[in-house]
Asks: 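Got a structure for you, questions after.
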Amino acid sequence: MQAACLLALFLIPQAHANPILILGDSLSASYGMEQDKGWVHLLQQQAPETTIINGSVSGETSAGGLRRLPALLDSTKAKLVFIELGGNDGLRGFSPKQLKNNLTKMIQLAKDAGAKVLLSEVMVPPNYGPRYAKQFTQVYQELSSEHGVTLVPFFMTEIAIHPELMQADGIHPNELAQPQIVDFIRPWLIDTLQESE
C-alpha cells in the first residue's frame with residue numbers, strides 16, 4: 001500500500017509535465033460555444049501526456065496579452081508558449097509598430113522563462129486596405145526572423161473561406177471547425193514540444 005502511494009506521488013508530476021500555454025484571443029477561447037467544444041480542449045483530449053493551459057481571452061489585444069503573460073508564465077511553468085494574438089489590434093486599427101513591440105516583449109518574456117515560443121501568423125480582413133494588411137503581416141515575418149521563433153501559418157486561412165465552418169458573424173469558427181483546427185495545430189505544438197525535451 002505504501003509503495004503504491006509512493007508510486008502515485010511519483011507519477012503525478014509526470015502527468016502534468018511539459019505544460020503548453022495557449023495565449024490567444026477569441027479564436028482560441030471557444031467564443032460562441034461551450035469550452036469543451038473548443039480546439040484547445042479537444043487537443044488536450046488527444047494529448048493526455050501533457051497539460052495544455054488555455055490563457056486565451058475573447059477580445060484580447062497584444063497589449064492585454066503582454067500584461068497577463070508574466071503571471072501566466074509564473075503559474076504554469078510552461079515549456080512551450082503558443083502566441084495567437086494581434087487580430088483585435090488589427091480590427092481596431094492599432095499601429096503595426098505597436099503590435100510588433102508588444103509581441104517582441106512577449107517573446108522575450110517567454111524565452112527568459114525558459115519556454116519555447118511558437119508565433120501564430122494573424123491576418124486582417126482585406127477591407128483595411130492592402131498597405132495596412134501588408135504591414136500587419138510583415139510584423140509576424142520579421143519577428144520570426146529576428147527572434148528565431150517558428151511562425152505557424154494562420155489556422156483560419158483555410159477555414160474562413162468555408163461559410164459552413166463559420167459562425168454567423170463571419171469572423172469566428174464554429175463547432176464544426178474546431179476538430180480541423182486541432183488537426184492543423186497539433187503537429188506544430190506536439191512536435192515542437194518533443195524537440196525541446
Side-chain angles (χ1 to χ4, degrees), residues 19-47 52-69 72 76 78 80-94 96 98-100 102-103 106-107 110 117-128 132-133 136-141 143-144 149-190 192-193:
I20 297 174
L21 172 63
I22 311 296
L23 185 65
D25 50 31
S26 55
L27 299 179
S28 299
S30 305
Y31 176 86
M33 66 192 76
E34 297 295 327
Q35 287 291 316
D36 62 359
K37 303 295 185 183
W39 73 262
V40 178
H41 182 83
L42 297 179
L43 179 60
Q44 175 68 86
Q45 290 183 315
Q46 292 187 17
I52 302 175
I53 303 101
N54 196 352
S56 305
V57 174
S58 293
E60 187 71 287
T61 62
S62 62
L66 176 58
R67 283 192 296 270
R68 293 191 300 116
L69 184 55
L72 284 169
T76 65
L80 174 64
V81 179
F82 177 61
I83 302 174
E84 178 270 304
L85 285 172
N88 289 301
D89 295 60
L91 291 174
R92 299 178 189 184
F94 292 169
Q98 179 183 359
L99 171 66
K100 184 176 181 181
N102 291 335
L103 290 174
M106 278 187 270
I107 290 170
V117 179
L118 285 179
L119 178 65
S120 176
E121 184 180 30
V122 176
M123 296 180 181
V124 292
N127 57 300
Y128 280 75
Y132 182 77
F136 195 88
T137 301
Q138 282 180 335
V139 165
Y140 296 89
Q141 297 168 348
L143 288 169
S144 175
V149 299
T150 300
L151 184 62
V152 179
F154 192 32
F155 59 74
M156 287 298 296
T157 302
E158 296 300 319
I159 289 175
I161 59 177
H162 297 286
E164 69 274 15
L165 297 178
M166 299 296 290
Q167 295 184 36
D169 61 12
I171 297 175
H172 298 94
N174 60 26
E175 288 185 25
L176 291 176
Q178 303 304 306
Q180 295 190 29
I181 297 175
V182 172
D183 291 341
F184 181 87
I185 290 289
R186 178 172 178 166
W188 293 96
L189 294 182
I190 303 305
T192 301
L193 186 64

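These numbers come from the heavy atoms of this one structure, side chains and all, not from hydrogens, waters or symmetry mates. Note that the numbering runs from 1 along the sequence shown for the chain.
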Asks: Atom CE of M166 and atom CD1 of I161: how far apart are they, to the nearest 0.5 Å?
Replies: 11.0 Å
Asks: Rounded to the nearest 0.5 Å, what separates atom CG in L103 from atom CD in Q98?
Replies: 10.5 Å
Asks: Output all residues satisfying side-chain hydrogen bond (donor to acceptor under 3.5 Å, both in side chains) with S26, sequence neighbours left out; order by chain, then residue number.
Replies: H172
Asks: Are the side chains of P96 and Y132 in contact, using a 4.5 Å heavy-atom criterion?
Replies: yes
Asks: Do you know the tightest heavy-atom contact between A63 and N102?
Replies: N-ND2, 3.5 Å
Asks: To the closest 0.5 Å, what do you measure between CG (D25) and CD (E84)?
Replies: 4.0 Å
Asks: Within the 4.5 Å heavy-atom criterion, are N88 and F94 side-chain neighbours or not?
Replies: no
Asks: Would a 4.5 Å heavy-atom cut-off, applied to side chains only, mark Q45 and L42 as touching?
Replies: yes
Asks: Quick check: do Y31 and I171 have side-chain heavy atoms less than 4.5 Å from each other?
Replies: no
Asks: What pair of heavy atoms forms the shortest contact from H41 to Q35, and how long is it?
Replies: CB-O, 3.4 Å
Asks: Taking all heavy atoms of G55 and all of L23, pick out the closest pair and write down the distance.
Replies: O-CD1, 3.7 Å
Asks: Side chains of L85 and M106, heavy atoms from C-beta outward: is any pair under 4.5 Å?
Replies: yes
Asks: Check whether any side-chain N or O of D89 sits under 3.5 Å from a backbone N or O of S62 as a donor-acceptor pair, and report yes or no.
Replies: yes
Asks: Just by modelled atom types, is the L165 backbone N or O under 3.5 Å from a matching donor or acceptor in the E175 side chain?
Replies: no
Asks: Is the backbone N or O of S28 less than 3.5 Å from a side-chain atom of N54, with the two atoms forming a donor-acceptor pair by type?
Replies: yes
Asks: Does any N or O in the side chain of S30 come within less than 3.5 Å of the main-chain N or O of M33, such that one atom is a donor and the other an acceptor?
Replies: no
Asks: I'd like to check L189 versus I22 (side-chain heavy atoms, cut-off strictly below 4.5 Å). Are they in contact?
Replies: yes
Asks: Counting C-beta onward and ignoring hydrogens, is there a side-chain heavy-atom pair between W188 and S120 closer than 4.5 Å?
Replies: no
Asks: For S144 and V149, indicate whether the former's side chain and the latter's backbone hold a donor-acceptor pair under 3.5 Å.
Replies: yes
Asks: Does F82 form a side chain to side chain contact (heavy atoms under 4.5 Å, CB included) with I185? I'd like the steps, not just the answer.
Replies: CA-CA 10 Å; F82 177 61; I185 290 289; 3.8 Å; yes
Asks: Are the side chain of S56 and the backbone of A29 linked by a donor-acceptor contact shorter than 3.5 Å?
Replies: no
Asks: In the structure I gave you, are the side-chain heavy atoms of W39 and F155 within less than 4.5 Å of one another anywhere?
Replies: yes
Asks: Residues two or more places apart in sequence or in another chain: which of them pass side-chain hydrogen bond (donor to acceptor under 3.5 Å, both in side chains) with R68?
Replies: E60
Asks: Assess whether side chain to side chain contact (heavy atoms under 4.5 Å, CB included) is satisfied between L27 and F154, documenting all intermediate values.
Replies: CA-CA 11 Å; L27 299 179; F154 192 32; 3.8 Å; yes
Asks: How many angstroms lie between atom CZ of R67 and atom CG of L72, to the nearest 0.5 angstrom?
Replies: 13.0 Å
Asks: Rounded to the nearest 0.5 Å, what separates atom CZ in F136 from atom CG in L99?
Replies: 5.0 Å
Asks: Checking N174 side chain against A177 main chain: does a donor-acceptor pair fall under 3.5 Å?
Replies: yes
Asks: Determine whether more than 12 heavy atoms belonging to other residues, nucleotides or ligands lie under 6.0 Å from atom CZ of F184.
Replies: yes
Asks: Would you find more than 12 non-hydrogen atoms of other residues, nucleotides or ligands less than 6.0 Å from E34 atom CD?
Replies: no
Asks: Does CD in Q46 sit with more than 12 non-hydrogen atoms of other residues, nucleotides or ligands closer than 6.0 Å?
Replies: yes
Asks: Say whether, by atom type as modelled, one donor and one acceptor occur between the side chain of Q167 and the main chain of P173 under 3.5 angstrom.
Replies: yes
Asks: So, taking the atom named CD1 in I20 and the one named CD in Q44, what distance separates them when rounded to the nearest 0.5 Å?
Replies: 8.5 Å
